[in-house]
Amino acid sequence: MRAVHAVARDLLGKTLVSTTNGSRIAGTIYETEAYDGEQDLACHARSGKTARTAVMYSEGGHAYIYFTYGMHWMFNCVAGASGYPAAVLIRAIQPIEGIDIIRDRRQPIDQSHWCDGPAKMTKSLGITGMHNGMDMCQKNAVIYIEEGCLIPEEKVKITPRIGLGRTPEPWKSKLWRYVADIS
DNA sequence: TCTTCGATTGTCT
DNA sequence: GACAATCGAAGAA
């Protein structure tokens with residue numbers, strides 16, 4: 001298994017922290033997807049290194065954030081060695097801290113749907129393109145990962161990735177999505 | 001320069 | 001369940 005898949009699995013249960021507006025907003029990661037290299041036709045790096053995908057080629061621990069559908073920001077953790085494009089898309093978290101801020105940003109929808117999608121999550125955490133390329137290992141990082149709880153194997157579901165649309169097989173059906181049952 | 005389309009969401013039927 | 005919203009990156013011309 002390549003490193004990016006181990007990272008995607010290990011991120012489940014960890015805490016994603018954002019201090020983009022000065023105060024802590026945090027949640028437990030429970031859904032991730034792996035995007036692995038130029039040969040993965042679902043990965044943005046499938047066409048090689050471009051201005052947009054350059055961050056994916058940097059060392060693991062950087063934030064790859066991109067804009068899509070004309071209105072949505074997506075947040076990824078770069079997970080490969082320097083020079084190899086791989087990243088983990090954080091698809092969903094369960095809010096822990098900064099509930100009031102999230103509520104303000106996500107009203108009027110119900111709490112159970114505040115962070116249950118990749119773009120909903122970035123909106124709740126205040127993550128935008130200005131954070132693209134950040135090193136989350138830096139001491140003064142605005143977005144970073146903290147240790148959380150360990151998710152036992154029996155609580156982890158593995159499924160095909162979501163929203164791949166016209167991505168050809170076999171990539172479309174690769175079991176590269178990891179979902180933790182944190183109920 | 002022009003055209004296509006997306007790692008989605010929210011609304012309407 | 002169907003589909004519009006909305007715009008920048010990437011590939012074609």
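Throughout, a chain's letter reflects where its sequence line sits, starting with A, and its residues are numbered from 1.
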Closest listed nucleotide, where the reference is the side chain of [X] and the choices are [options]:
X      : options               : result
A:H72  : C:dA5, C:dG11, B:dT8  : B:dT8
A:P118 : B:dT8, C:dT6, C:dG11  : B:dT8
A:R91  : C:dA9, B:dT8, C:dT6   : B:dT8
A:M74  : B:dA7, B:dG6, B:dT8   : B:dT8
A:T50  : B:dT9, C:dA10, C:dC7  : C:dA10
A:T53  : C:dT6, B:dT9, C:dA10  : C:dA10
A:N76  : C:dA10, B:dT9, B:dA7  : B:dA7
A:K120 : C:dA10, B:dG10, B:dA7 : B:dG10

ask   = Using Watson-Crick and G-U wobble pairs whose two distances are both under 3.5 Å, how do you write the pairing of DNA chain C as dot-bracket, with | for links to another strand?
value = |||||.||||||.
request  = For salt bridge (charged side-chain N to carboxylate O under 4.0 Å, His left out), just list the numbers for A:K174 and A:E169, CA-CA rounded to whole Å, side-chain angles, deciding distance to a tenth of an Å, and then say yes or no.
outcome  = CA-CA 8 Å; A:K174 292 277 187 188; A:E169 299 290 359; over 6 Å; no
Give one of base, sugar-phosphate or nothing for [X], where a contact means two heavy atoms less than 4.0 Å apart.
X      : answer
A:R161 : nothing
A:T68  : base
A:G165 : nothing

For [X] and [N], give me the distance from atom [atom1] to atom [atom2], rounded to whole Å.
X      : N      : atom1 : atom2 : value
A:H44  : C:dA9  : NE2   : P     : 12 Å
A:F67  : C:dA5  : CZ    : C1'   : 11 Å
A:Y69  : B:dC5  : OH    : C1'   : 8 Å
A:L164 : B:dG6  : CG    : C1'   : 10 Å
A:R105 : B:dG10 : CZ    : C1'   : 20 Å

message = Under 3.5 Å, is there a donor on one side chain and an acceptor on the other for A:T19 and A:N21?
response =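 Distance-only check fails for A:T19 and A:N21.
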query = Would A:Y178 and A:H5 count as having a side-chain donor-acceptor pair, cut-off 3.5 Å?
reply =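 The answer is no; no qualifying pair exists.
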Nearest-nucleotide 5' precedence on DNA chain B, A:Y64 against A:H113 =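 Its nearest nucleotide lies further toward 5', so the answer is A:Y64.
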task = For nucleotides C:dG1 and B:dA7, find the distance between their C1' atoms and express it as a whole number of Å.
result = 22 Å
request  = For C:dT6 versus B:dC2, give the span between their P atoms, rounded off to a whole number of Å.
outcome  =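 About 23 Å, rounded to a whole number of Å.
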task = Please list all pairs passing the ring-ring contact (aromatic ring centres under 6.0 Å, His included) test where one or both residues lie in residues 70-91 of chain A, with sequence neighbours left out.
result = A:F67-A:W73
query = Are A:R161 and A:Y35 in a cation-pi contact, defined as NZ or CZ under 6.0 Å from the six-membered ring centre and within 45° of the axis?
reply = yes
ask   = Would A:E31 and A:K157 pass as an ion pair if we require N to O under 4.0 Å?
value = no
message = Using side-chain heavy atoms (C-beta onward) and a distance below 4.5 Å, is A:K120 in contact with A:K123?
response =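 A:K120 vs A:K123: side chains apart.
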